[in-house]
Amino acid sequence: VGSSGEKYDVLVIRDPFNLMASQLKAGMCRLDDGSAQAMIRLWISYAEEFVGKTEILNYKKVSVNFNRWHVDASYRKQLAEQMGFQFTDAGREQVRGYGGGSSFDDRSMDNQGSKMDILSRWRAFESDQQFWQLFRDDSLLTYVDSIFDVTNLPLHYVKR
């Protein structure tokens, strides 16, 4: 709720490869105790809401493709306009301290946020077969295909 007086549910989704790499690096889940698999199931439920298979959110839904948001200023502007905000990229380069900052960079990239290699975090797990096993799920891969530009995603590690 802001100057528009409207309530929005903002659903931000990041590709599962980089999301899981960041969550594993931050210790939010592990590969050996089922918590990473639970996070994948949660990601699938978010993807279902993102594509409209479910309608759980109550208010005006604004679905944000985090990967696209990261690289595309016109997309960020479109999202701001969709919610009735004046577009600005102020703060775009800041790395917030909330949660310790980035799981890979801490706050070392503060004031240089767009230079963070957040779309290649999966490379930290490139040789870990347990990591790639997480993504061998047809529904997950279908959602990845429908939500993201897969050109730069590591789908070659996941056999279909």
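Side-chain atoms are counted along with the backbone in the values below, which use heavy atoms only and exclude waters and symmetry mates.
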Undergrad: Residues in side-chain contact (heavy atoms from CB on, under 4.5 Å) with F66, at least two apart?
TA: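 Here the qualifying residues are V12, R14, W69, I118.
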Undergrad: Shortest non-hydrogen contact from Q82 to Y8?
TA: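 For Q82 and Y8, the tightest heavy-atom pair comes out as O-OH, 3.7 Å.
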Undergrad: At what distance, to the nearest 0.5 angstrom, does CD of Q23 lie from CE of M39?
TA: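 So the CD of Q23 and the CE of M39 are separated by 3.5 Å.
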Undergrad: Are any non-hydrogen side-chain atoms of F85 and L79 less than 4.5 angstrom apart?
TA: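 No, every pair of side-chain atoms sits at 4.5 Å or beyond.
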Undergrad: Mind listing the closest non-hydrogen atom pair of A73 and D89 along with its distance?
TA: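 In terms of heavy atoms, the two residues are closest at CB-OD2, 4.4 Å.
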Undergrad: Restricting to non-hydrogen atoms, name the atom on L153 and the atom on V144 that form the minimum distance, rounded to 0.1 Å.
TA: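 Taking every non-hydrogen atom into account, CD1-CG1, 3.8 Å.
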Undergrad: Examine L19 and M28 and state if one hydrophobic cluster contains both, with Ile, Leu, Val, Met, Phe, Trp and Tyr joined whenever side-chain heavy atoms are less than 4.5 Å apart.
TA: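 The answer is no; the residues belong to distinct hydrophobic clusters.
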Undergrad: Could you check whether any side-chain heavy atom of S139 comes within less than 4.5 Å of a side-chain heavy atom of E48, counting everything from C-beta outward?
TA: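 Counting from C-beta outward, S139 and E48 never come under 4.5 Å.
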Undergrad: Which atom pair, heavy atoms only, marks the closest approach of I56 to E49?
TA: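 In terms of heavy atoms, the two residues are closest at N-OE1, 2.9 Å.
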Undergrad: If you compare all heavy atoms of R30 against all heavy atoms of S35, which two are closest, and at what distance to 0.1 Å?
TA: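 Looking at all heavy atoms of both residues, the closest pair is N-OG, 2.7 Å.
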Undergrad: CG of L134 to CH2 of W43: how many Å apart, nearest 0.5 Å?
TA: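 Here the interatomic distance stands at 12.5 Å.
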Undergrad: How long is the span from the CG atom in D32 to the CD atom in Q130, to the nearest 0.5 Å?
TA: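 D32 atom CG to Q130 atom CD measures 6.5 Å (nearest 0.5 Å).
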Undergrad: Can you name the residues that form a side-chain contact (heavy atoms from CB on, under 4.5 Å) with Q133, not counting sequence neighbours?
TA: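 For Q133, the residues satisfying side-chain contact (heavy atoms from CB on, under 4.5 Å) (neighbours in sequence not counted) are R136.
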Undergrad: Going from CH2 on W122 to OH on Y157, what distance comes out if it is rounded to the nearest 0.5 angstrom?
TA: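 Going from CH2 on W122 over to OH on Y157, the span is 4.5 Å.
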Undergrad: Supply the atom-to-atom distance N152 CG to N67 CG, rounded to the nearest 0.5 angstrom.
TA: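 Between N152 CG and N67 CG, I get 9.5 Å after rounding to 0.5 Å.
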Undergrad: Contact between K60 and E6 at the side-chain level, heavy atoms closer than 4.5 Å - yes or no?
TA: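 Sidechains of E6 and K60: in contact.
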Undergrad: More than 12 non-hydrogen atoms from neighbouring residues, nucleotides or ligands closer than 6.0 Å to OH on Y143, yes or no?
TA: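 Counting neighbours around OH of Y143, more than 12 heavy atoms of other residues, nucleotides or ligands fall under 6.0 Å, so yes.
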Undergrad: Please identify which of these residues, F125, F148, W132, meets the side-chain contact (heavy atoms from CB on, under 4.5 Å) condition with F17.
TA: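 That would be W132; it is the only one of F125, F148, W132 passing the side-chain contact (heavy atoms from CB on, under 4.5 Å) with F17.
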Undergrad: Can you tell me how far the CG atom of L140 sits from the CZ atom of F135, to the nearest 0.5 Å?
TA: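 So the CG of L140 and the CZ of F135 are separated by 7.5 Å.
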Undergrad: Give the intermediate values and the outcome of side chain to side chain contact (heavy atoms under 4.5 Å, CB included) for residues D137 and I40.
TA: CA-CA 10 Å; D137 178 295; I40 289 294; 5.6 Å; no
Undergrad: Is the shortest heavy-atom distance from the side chain of F87 to the side chain of R76 under 4.5 Å?
TA: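 Yes; the side chains approach each other to less than 4.5 Å.
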Undergrad: Going only through I, L, V, M, F, W and Y residues with side-chain contacts under 4.5 Å, is there a path from I13 to Y59?
TA: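 No, it is not one cluster - the side chains of I13 and Y59 are not joined through contacts under 4.5 Å.
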Undergrad: Tell me if a side-chain donor or acceptor on N65 pairs with a main-chain N or O of I147 at a distance below 3.5 Å.
TA: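 Yes, because the side chain of N65 sits within donor-acceptor range (under 3.5 Å) of the backbone of I147.
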Undergrad: What are the two closest non-hydrogen atoms of K61 and T54, and how far apart are they?
TA: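 Closest pair (atom of K61, atom of T54, distance): NZ-O, 4.1 Å.
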Undergrad: Ignoring hydrogens and geometry, is there a side-chain-to-backbone donor-acceptor pair from S45 to L42 under 3.5 Å?
TA: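 At least one qualifying donor-acceptor pair exists.
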